[in-house]
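For reference, the structure discussed in these notes is given below.
Each chain gets a letter, A, B and so on, in the order its sequence line appears, and its residues count up from 1.
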Amino acid sequence: MATATSPSLDERPLGTAGQLSELLLPFATVTGVLGLWELAPRVGWLNGGVVPPVSEVLILIPGLFADPVFLPNVGASAFRWALGFALAILIGVPLGALMGRSQLAFDLIDPILTISYPIPRAALILILVLWFGAGDVSRVGIIILGCLIPIVISSYHGARGINPHLLWSARALGTGRAAALLKVVLPAALAQILSGLRLAIAISIFTLLASELLIRQSGVGAYLFTLLDNGQYHLVWACSIVIATAGFLLDVAYVRLIGWLLPWMEGQV
Amino acid sequence: MAVVTGRSVEAPAAVKVAARGVRKVFTSRQGVQRAAIDGVHLDAAPGEFVSIVGPSGCGKSTFLYIVGGFVEPTAGGVTVDGRPVRAPGPERGIVFQESALFPWKTVLGNVTYGLAEQGLPRDRQRAVARMYLEMVNLRGVEGLYPKELSGGMQQRVAIARTLATDPDVLLMDEPFGSLDAQTRAILQIELNGIWERTGKTILFVTHSVEEAIFLSDRIYVFSARPATVKAVIPVDLPRPRDRDAIIQAPTYARLHRDIWELLRHEQKTDGERGRGDGH
Ligand SMILES: Nc1ncnc2c1ncn2[C@@H]1O[C@H](COP(=O)(O)OP(=O)(O)OP(=O)(O)O)[C@@H](O)[C@H]1O
Ligand SMILES: [Mg+2]
C-alpha cells in the first residue's frame, strides 16, 4: 500500500551537495550585500552621511523600539493594514469568483476593472482624502483599492479555470448551483487565489506606506517622514530595515501558514 | 412520451433513460461549427445495463455529459423516468474518465461528500463510505489526499464516491480504463454484482469489447465523429455470467467478431474524414 511521502523533501531532485548549496548560496548573497554596504561608505564610494555603514544602522534598531511613539505607530499601521487587507479579501474573492462563473457578472464588473486598472494608486490617495478627509476611512480605503484588483483578477482566473468535472461531480452528488460556488469553486480556485493574495500583501504594504507618507499624522510611514524631516538619516535607515524585515517575515509566514493549513495543495503559492 | 395503460402489442417497453435525436455542435475558436453527436437515439429500460462503444473522439463522453445534464444538447433531448433532463441531479451518478476527486478532501472526505449532501449523520456517512472503499479494494488510505494516490487508486475512490450515494442511473465513462487487468477484472465482477443486487440502470462507455459483452444487456456501437448509432447489439448470454465461462461460449466469439468488425470499419472512415479536415 502506498504511504504518504513528505513532498517538501522528496520532490527535490538534488543530492546532498545540492541541498547544501541551496542553504549556503542565499546566505552568501546576503552576506555579500551587507559586506558591500558596510564597505562602500567607509572607503568613500558612498556618502557616509546619507548612506551610513550597515553596522551603524543596525545598532540603532533597539533604540528605535525603545522610543515610546514608535510601537504605537507600528500598531496603528498594522491595524489599518489588517483591516484593509481583510476587507479587500471579503470583497475581492467573491467578486472575482462570481465573475469567473457567471458571464453576466463578468460583463457587469469587467469594464470597471479595465478602466481603473491603469490609474496610479498614489493618485487615488489624494482623491480619497478630498472625499473622505484624512481619517482612517481614507487610509483603509486606499489599502483596499490597492490590493483589490490583484485579488479580483486571481480569483476570477482561478474560478474560471477550475476543472469542470469537479463542479459536475458535486452537482451530481446533490450540491445546488449556488452552494457549489462555496463548496467547490472556492477550494478548487484556492491555489490561484492565494497567489493573488501573496501579491496583494506586497502591494498593500506599499500603498499603506505611501498613504502614510502622504497623509502623515500617524503610522509608521509618518514616523519615517518625521525622522527624515529632522535629518536623522541613520534612523531613517534603521526604520526602513525594520519595515522591510516585517514585510519579508509576513511573506514567509504566509507561505508557511498555507503549507501547514492546506496540506492537499500541489506546488507553491 | 405517451403513458401506456393496459396491454398493447405496440406499447413501448418501460423506459428509464430515453435519448431522442440528440445532437451536439461545438464551435471552435475560429468559429467553425462541427457536430460531435448527430442525432443519437438511445433507450435504456429500468435496470438495464447498456454499454456504448465507438472510436476515440466520436462523442461518447459528450453524450454521457448530456444525459448527466452537464452539457446542453444543440438539438433533441434526454428524459429520465419521462422527465426531461435539464440539470445534474443526484439520481444520475457519474464516474468520469479521469477521477475528478476533490483534491482538498481526503479519500474519506471524498466518499462521504455525497452522503453529507443527503443529510446522513456523520457516523453513518463513515460506515457507508468504508463499505464502498472496501468494495473497490481500498484499505488504509482513508486519510490520504488524492495527490498521494496512484491513478488507479484515485479512480477506485471516484467509483466508491459515486456508488455510495446509490443513484438510480449510473453513467460511467471508461471507469476502468486506467486500471491494471487484475483490478479491472475484480471491479467488473463487483459492478456486475452491484447491478444485479440493486437494479440500477447503467450507461457504460468502454473501449473494451470484452468488458462490454461481459457486463451488458445491449451494446450501442457509435459511429466515428459525429456520433450516430451504428448498431444496437443485444447480448444474449445467460445470467448470472461467469467471466471465464463466457469467453468459451460461441455466442461470445460471434459478438466479439461482429463488434470488432463494426469498430474497425469506423476507425477507417474516421481516418478518411480526418484527412479532409485541414486543421
Ligand atoms: N468543449 C468542447 N469544445 C469543442 N470540442 C469538443 C468539446 N468537447 C468535446 N469536443 C470534441 O467533440 C468530440 C467528441 O469528444 P468526446 O470527448 O465526447 O469523445 P469520446 O468519444 O469520449 O472520446 P474518447 O473515447 O477518446 O474518450 C471530439 O472530437 C472533441 O474534440
Ligand atoms: Mg471520452
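At a threshold of 4.5 Å between non-hydrogen side-chain atoms, the residues Trp168(A) and Pro88(B) do not count as touching. Inter-residue side-chain proximity for Leu166(A) and Phe102(B) is flagged as met; some heavy-atom pair is nearer than 4.5 Å. Residues Pro164(A) and Phe70(B) have side chains not in contact (no heavy-atom distance under 4.5 Å, counting atoms from C-beta outward).
By the 4.0 Å N-to-carboxylate-O rule, Glu117(B) lies close enough to Lys183(A) to be salt-bridged with it.
Using a 4.5 Å cut-off between heavy atoms, Ala170(A) touches chain B through backbone and side chain atoms alike. Residue contact with chain A, scored on non-hydrogen atoms closer than 4.5 Å, is absent for Val169(B). Proximity to chain A is limited to the side chain of Ala87(B), based on heavy atoms less than 4.5 angstrom apart. Within the 4.5 angstrom heavy-atom criterion, no atom of Leu115(B) approaches chain A.
Around atom CZ of Phe79(A), no more than 12 heavy atoms belonging to other residues, nucleotides or ligands sit under 6.0 Å away. Within 6.0 Å of CZ on Phe106(A) lie more than 12 heavy atoms contributed by other residues, nucleotides or ligands. The number of heavy atoms from other shown groups lying within 6.0 Å of CZ (Arg126(B)) does not exceed 12. Heavy-atom neighbours of Glu72(B) CD from other residues, nucleotides or ligands within 6.0 Å: at or below the threshold of 12.
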- Task: Would you please test Leu173(A) and Gln118(B) for side-chain contact (heavy atoms from CB on, under 4.5 Å) and show each step?
- Result: CA-CA 9 Å; Leu173(A) 290 166; Gln118(B) 292 179 345; over 6 Å; no
- Message: Walk me through whether Trp104(B) and Leu186(A) qualify under side-chain contact (heavy atoms from CB on, under 4.5 Å).
- Response: CA-CA 11 Å; Trp104(B) 57 91; Leu186(A) 193 64; over 6 Å; no
- Step by step, work out the side-chain contact (heavy atoms from CB on, under 4.5 Å) result for His165(A) and Tyr65(B). CA-CA 10 Å; His165(A) 292 185; Tyr65(B) 299 162; 3.1 Å; yes
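Heavy-atom pairs under 4.5 Å with chain A were tallied for Arg92(B), Arg161(B), Glu91(B); the largest tally goes to Arg161(B). In terms of heavy-atom pairs under 4.5 angstrom with chain B, the leader among Gly176(A), Ala179(A), Gly174(A) is Gly174(A).
With no hydrogens or angles considered, a side-chain donor-acceptor pair links Thr175(A) and Tyr113(B) at under 3.5 Å.
Annotation for Pro103(B) and Trp264(A): closest pair O-CB, 3.1 Å, computed over non-hydrogen atoms.
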